[in-house]
Amino acid sequence: MPRYWLMKSEPDVYSIEDLRKDKRTYWDGVRNYQARNSLRDGLKKGDLVLYYHSNAEPSGVAGVARVVREGYPDPSALDKKDDHYDPKHTAERPIWYVVDVEHVETFKKLVPLEALKAEPRLKTMLVIKRGMRLSVQPVEGAHFDIVRRMGQGT
DNA sequence: GCCAACGTTGGC
DNA sequence: GCCAACGTTGGC
């Protein structure tokens, strides 16, 4: 029984089309403890993810990905040359975690944030709350289905 | 590019 | 442990 999540990425940095080309990637660079807890403990193999484009024109849900490997230490936190390097993170005492995700589908039409806000059945979704910055957040199954249908145009 | 909202840091 | 300062996120 898969559970559902929403993950944010800036399309200028890594878009769902980048994921489609790569087929699979590890979700690095999360440096927020609440999101880290979800990556380390929450996301399970087979869980489905709404792929959200943030800081975009327009921002919104661009497609669906699937978790294919559960949380493990973030390699980018060990790499001194990486923007996400964190000296407090070590191989022995990791702080930051990643999961691997694979591309499932790119929506025919991105579902803009505005459309999510306009759909009454989605009014409790976290992502539409003002000031919601959490980059990995849980999504209710019913909400996931509604958003996916909006994206598939069905 | 602006800036409100939020999380984190560090002085005390 | 408080809270001001600072840095980041992310919609607009």
Side-chain angles (χ1 to χ4, degrees), chain A residues 3-22 25-43 47-67 71-101 103-140 142-144 146-153:
Chain A
R3 291 182 304 165
Y4 305 94
W5 306 88
L6 178 144
M7 295 168 81
K8 296 180 185 174
S9 182
E10 300 194 19
D12 291 347
V13 178
Y14 195 85
S15 74
I16 190 150
E17 282 307 281
D18 294 321
L19 179 59
R20 188 179 59 76
K21 287 179 204 126
D22 292 345
T25 192
Y26 66 93
W27 201 281
D28 69 337
V30 170
R31 296 292 178 268
N32 166 281
Y33 284 102
Q34 202 178 338
R36 184 285 307 270
N37 291 345
S38 292
L39 291 174
R40 188 186 58 190
D41 309 322
L43 278 73
D47 286 359
L48 291 172
V49 176
L50 294 174
Y51 196 113
Y52 184 87
H53 282 175
S54 60
N55 263 318
E57 275 303 325
S59 295
V61 180
V64 175
R66 180 187 293 112
V67 177
Y72 61 98
D74 185 345
S76 73
L78 289 174
D79 181 357
K80 283 199 173 67
K81 298 188 297 297
D82 196 289
D83 285 345
H84 302 299
Y85 173 68
D86 182 349
K88 295 195 295 296
H89 172 107
T90 64
E92 294 73 29
R93 288 177 164 271
I95 300 171
W96 306 114
Y97 284 76
V98 296
V99 297
D100 289 358
V101 299
H103 183 267
V104 174
E105 66 190 58
T106 298
F107 289 159
K108 272 183 284 190
K109 273 181 61 185
L110 176 131
V111 181
L113 178 60
E114 193 178 44
L116 300 177
K117 286 179 173 169
E119 170 51 67
R121 292 172 297 169
L122 299 178
K123 68 171 185 290
T124 59
M125 259 190 107
L126 290 176
V127 71
I128 67 178
K129 297 228 165 76
R130 180 155 174 266
M132 169 49 70
R133 293 167 29 171
L134 194 58
S135 59
V136 179
Q137 46 184 267
V139 171
E140 291 173 24
H143 290 166
F144 181 91
I146 292 163
V147 174
R148 192 177 204 177
R149 282 169 198 279
M150 290 166 81
Q152 292 170 338

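Order of the sequence lines fixes the chain letters, A, B, ..., with proteins taken first and strands second; residue numbering starts at 1 for each chain.
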Rounded distance (Å) that lies between atom C1' of B:dG7 and atom CH2 of A:Trp96: 10 Å
Any A:Lys129 side-chain N or O less than 4.0 Å from OP1/OP2 of B:dC6: no
Interatomic distance, A:Gln137 CD vs B:dC6 P [rounded to whole Å]: 13 Å
Distance, rounded to the nearest Å, where A:Leu126 contributes CG and B:dA5 contributes P: 18 Å
Close side-chain approach of A:Pro138 to A:Leu126, heavy-atom, < 4.5 Å: yes
C:dT9 phosphate, OP1 or OP2, under 4.0 Å from A:Tyr52 side-chain N/O: no
Closest to the A:Asn32 side chain, choosing from B:dT9, C:dG10, B:dT8: B:dT8
A:Met125 side chain near A:Leu50 side chain, heavy-atom distance below 4.5 Å: yes
Atom-pair distance (CD on A:Glu10; C1' on C:dT9), nearest Å: 8 Å
C:dG11 phosphate, OP1 or OP2, under 4.0 Å from A:Ser59 side-chain N/O: yes
With sequence neighbours excluded, residues passing side chain to side chain donor-acceptor pair (under 3.5 Å) with A:Trp27: none
Short side-chain N/O contact to C:dG10 OP1/OP2 from A:Lys8, under 4.0 Å: yes
Whole-Å distance separating the CG atom of A:Leu116 from the P atom of C:dG10: 15 Å
Given DNA chain B, 5'-ward residue of the pair A:Lys88 and A:Asn55, judged by closest heavy atom: A:Asn55
Proximity to the side chain of A:Arg130 - top-ranked nucleotide from C:dG11, B:dT9, B:dA4: B:dA4
A:Ile95 CD1 to B:dT8 C1', straight-line distance once rounded to whole Å: 13 Å
Candidate list A:Lys109, A:Glu105, A:Lys108, test side-chain hydrogen bond (donor to acceptor under 3.5 Å, both in side chains), partner A:Gln152, passing option: A:Glu105
Protein-nucleotide distance (A:Glu57, atom CD; C:dG10, atom P), rounded to Å: 15 Å
Where A:Pro58 and A:Pro112 come nearest, the two heavy atoms and their spacing: CG-CB, 4.2 Å
Distance in angstrom units between A:Met7 CE and C:dT9 C1', rounded: 16 Å
Base of C:dT8 paired with side chain of A:Arg133 (donor-acceptor, under 3.5 Å): yes
